[in-house]
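Notes to accompany the following structure.
These numbers come from a predicted model, not from an experiment. In what follows, chains are A, B, ... by sequence order, proteins preceding strands, each numbered from 1.
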Number of protein chains: 2
Amino acid sequence: MDTRERLIQSTRELLWERGYTGTSPKAIQERSGAGQGSMYHHFHGKPDLALAAIGRSAEELRDRAEAAFAGPGTVVERVAAYLRRERDALKGCPVGRLTQDHAVMADPDLRRPIEETFAWLTDRLAGLLARGRASGELDAGLDPVATATALVAVLQGGYVLARAAGSADVYAQAVEGALGLLTLRKENA
Amino acid sequence: MDTRERLIQSTRELLWERGYTGTSPKAIQERSGAGQGSMYHHFHGKPDLALAAIGRSAEELRDRAEAAFAGPGTVVERVAAYLRRERDALKGCPVGRLTQDHAVMADPDLRRPIEETFAWLTDRLAGLLARGRASGELDAGLDPVATATALVAVLQGGYVLARAAGSADVYAQAVEGALGLLTLRKENA
DNA sequence: GTCTATACCTGGATAGAC
DNA sequence: GTCTATCCAGGTATAGAC
């Protein structure tokens with residue numbers, strides 16, 4: 001991995017662990033093993049480097065989600081596969097966590113990839129749910145967009161609760177609670 | 001309001017808006033109108049003041065939730081009242097937002113009120129759902145604890161999505177999606 | 001209780017040598 | 001491309017006067 005790439009990866013890790021405000025250029029340099037001059041040679045500054053790192057994390061989130069959504073099985077099975085996918089619940093979402101950082105939200109460039117990522121995710125999931133509804137797999141009264149938004153929110157909120165409790169189990173509880181609501185109806189039919 | 005109280009209230013606002021790491025003693029002093037010496041007379045430092053502020057916010061969250069839970073109506077109505085309560089979705093949760101702050105989570109004193117708040121909230125809601133299940137208002141197959149966790153997660157995640165989208169409507173969508181899942185079954189019965 | 005002075009460290013970045 | 005030197009603002013706190 002070359003220096004530029006190490007800088008991006010180190011920044012991704014730090015943004016995930018400490019957020020944008022909590023991440024200093026110095027910390028990035030130390031973790032990546034790059035020197036001061038090196039970092040400022042490859043990037044214009046902290047915002048520029050953060051933009052590259054956020055873009056990379058957003059891309060990865062999208063790819064991983066798409067892999068579950070496009071996988072085999074019924075709609076409910078694919079949604080469940082996505083929700084139950086192995087995650088480091090205590091670390092939280094590398095993209096969602098940045099919405100809590102004032103400096104990120106105040107910078108349109110940094111903010112855009114975050115906005116787009118969640119718009120894509122909710123939309124993709126809503127489409128899947130709509131198909132499940134059309135095929136009769138899901139209740140006809142189910143609102144695809146609202147339900148998709150709620151499911152994504154369960155993930156993001158599950159991270160919050162897991163961190164608050166200091167336990168990844170809480171995240172799993174939230175996911176199972178949501179899946180229970182989504183599927184109970186079917187079992188009782 | 002005396003100086004000590006103004007310091008606490010200003011800190012609450014700043015923690016809400018910028019997080020712990022993003023809030024400086026200087027900013028607190030400016031917002032509260034208290035001087036440097038005054039702040040360090042009333043509090044030992046930033047962590048001490050933050051502890052007072054977080055405790056206050058946690059207390060308020062709890063009181064407001066209890067007001068909805070203990071209100072009139074069926075279990076579903078009370079849960080809906082809580083979820084739909086007016087909130088400033090774009091600002092997020094003053095307590096939940098702190099789980100994303102590394103410095104807060106690393107300090108056991110600051111972390112405790114956050115952990116306790118969500119443990120209480122989930123527990124209180126689970127008890128309510130259990131009663132709804134016992135009375136037949138809710139499906140017998142519903143898991144009260146998992147469902148309560150999912151509902152609280154929808155709120156916390158709804159804030160994340162609203163901030164990402166820059167629109168409070170997304171928060172409302174998440175809430176309605178969750179309530180839809182909770183109640184659709186009944187309508188179809 | 002509040003003020004000002006002072007202190008030291010870190011954040012974030014530029015300049016110019018190599 | 002990378003290194004070291006340097007810079008100035010801000011973060012966080014203490015000391016001592018009023």
Side-chain angles (χ1 to χ4, degrees), chain A residues 1-56 97-98 100-111, chain B residues 1-56 97-98 100-111:
Chain A
M1 200 161 43
D2 65 9
T3 299
R4 188 188 154 84
E5 189 61 23
R6 287 207 320 277
L7 281 163
I8 293 176
Q9 296 305 334
S10 297
T11 303
R12 287 183 60 192
E13 292 171 17
L14 285 163
L15 288 180
W16 197 358
E17 295 166 17
R18 334 265 307 209
Y20 181 81
T21 301
T23 295
S24 68
K26 185 176 190 174
I28 293 170
Q29 290 151 206
E30 277 163 4
R31 184 165 305 204
S32 66
Q36 180 100 330
S38 199
M39 175 184 142
Y40 283 100
H41 169 74
H42 290 289
F43 297 94
H44 291 147
K46 178 173 157 175
D48 185 33
L49 179 43
L51 182 59
I54 294 172
R56 210 61 88 67
R97 106 93 91 189
L98 298 171
Q100 304 304 314
D101 203 305
H102 184 269
V104 171
M105 299 315 275
D107 181 333
D109 291 335
L110 295 180
R111 194 204 153 124
Chain B
M1 200 163 42
D2 65 9
T3 299
R4 189 188 153 85
E5 190 61 23
R6 286 205 321 276
L7 281 164
I8 293 176
Q9 297 304 334
S10 298
T11 302
R12 287 182 61 192
E13 294 172 15
L14 284 163
L15 289 180
W16 197 359
E17 295 166 17
R18 332 267 309 209
Y20 181 80
T21 301
T23 295
S24 68
K26 186 175 190 175
I28 294 169
Q29 289 151 207
E30 278 163 4
R31 183 164 306 204
S32 66
Q36 180 100 330
S38 199
M39 175 185 141
Y40 284 100
H41 169 76
H42 290 288
F43 298 94
H44 292 149
K46 178 173 156 174
D48 185 33
L49 179 44
L51 182 59
I54 293 172
R56 211 58 89 69
R97 106 93 88 191
L98 299 171
Q100 303 306 312
D101 204 305
H102 184 269
V104 171
M105 299 315 276
D107 182 332
D109 291 334
L110 295 181
R111 195 204 154 124

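Heavy atoms of B:T21 sit nowhere under 4.0 angstrom from any nucleic acid atom. Residue contacts for A:G37: at a heavy-atom cut-off of 4.0 Å it reaches a base atom on one of the strands shown.
Checking the phosphate oxygens (OP1, OP2) of D:dG1, no side-chain nitrogen or oxygen of A:T3 falls inside 4.0 Å. OP1 or OP2 of C:dT2 has at least one side-chain nitrogen or oxygen of B:H42 nearer than 4.0 Å.
In terms of position on DNA chain C, the residue among B:R4 and A:S24 whose nearest nucleotide sits closer to the 5' end is B:R4.
The nearest whole Å value for the distance from the CD atom in B:Q36 to the C1' atom in C:dT2 is 11 Å. The CZ-P distance, from A:F43 to C:dT14, rounds to 15 Å in whole Å. We find that NE2 of B:H41 is positioned 19 Å from P of D:dC18, with the value rounded to whole Å. Summarising the geometry, the separation between NZ on B:K46 and P on D:dG11 is reported as 9 Å, rounded to the nearest angstrom. To the nearest angstrom, P of C:dT10 lies 5 Å from NZ of A:K26. One can place CD of B:E5 at 15 Å from P of C:dG1, the figure rounded to the nearest angstrom. C:dA13 atom C1' lies 5 Å from atom OH of A:Y40, rounded to whole Å. Residue A:I28 contributes atom CD1, which lies 17 Å from atom P of C:dT10 at whole-angstrom precision.
Rounded to the nearest 0.5 angstrom, A:L15 CG and A:I28 CD1 are separated by 7.0 Å.
Remark: B:R111 CZ is packed, more than 12 non-hydrogen atoms of other residues, nucleotides or ligands lying under 6.0 Å away. Atom CZ of A:R18 sits in a sparse spot, with 12 or fewer heavy atoms from other residues, nucleotides or ligands closer than 6.0 Å.
Nearest heavy-atom pair, A:P25 versus A:M39, reported as atom, atom and distance to 0.1 Å: CB-CE, 3.8 Å.
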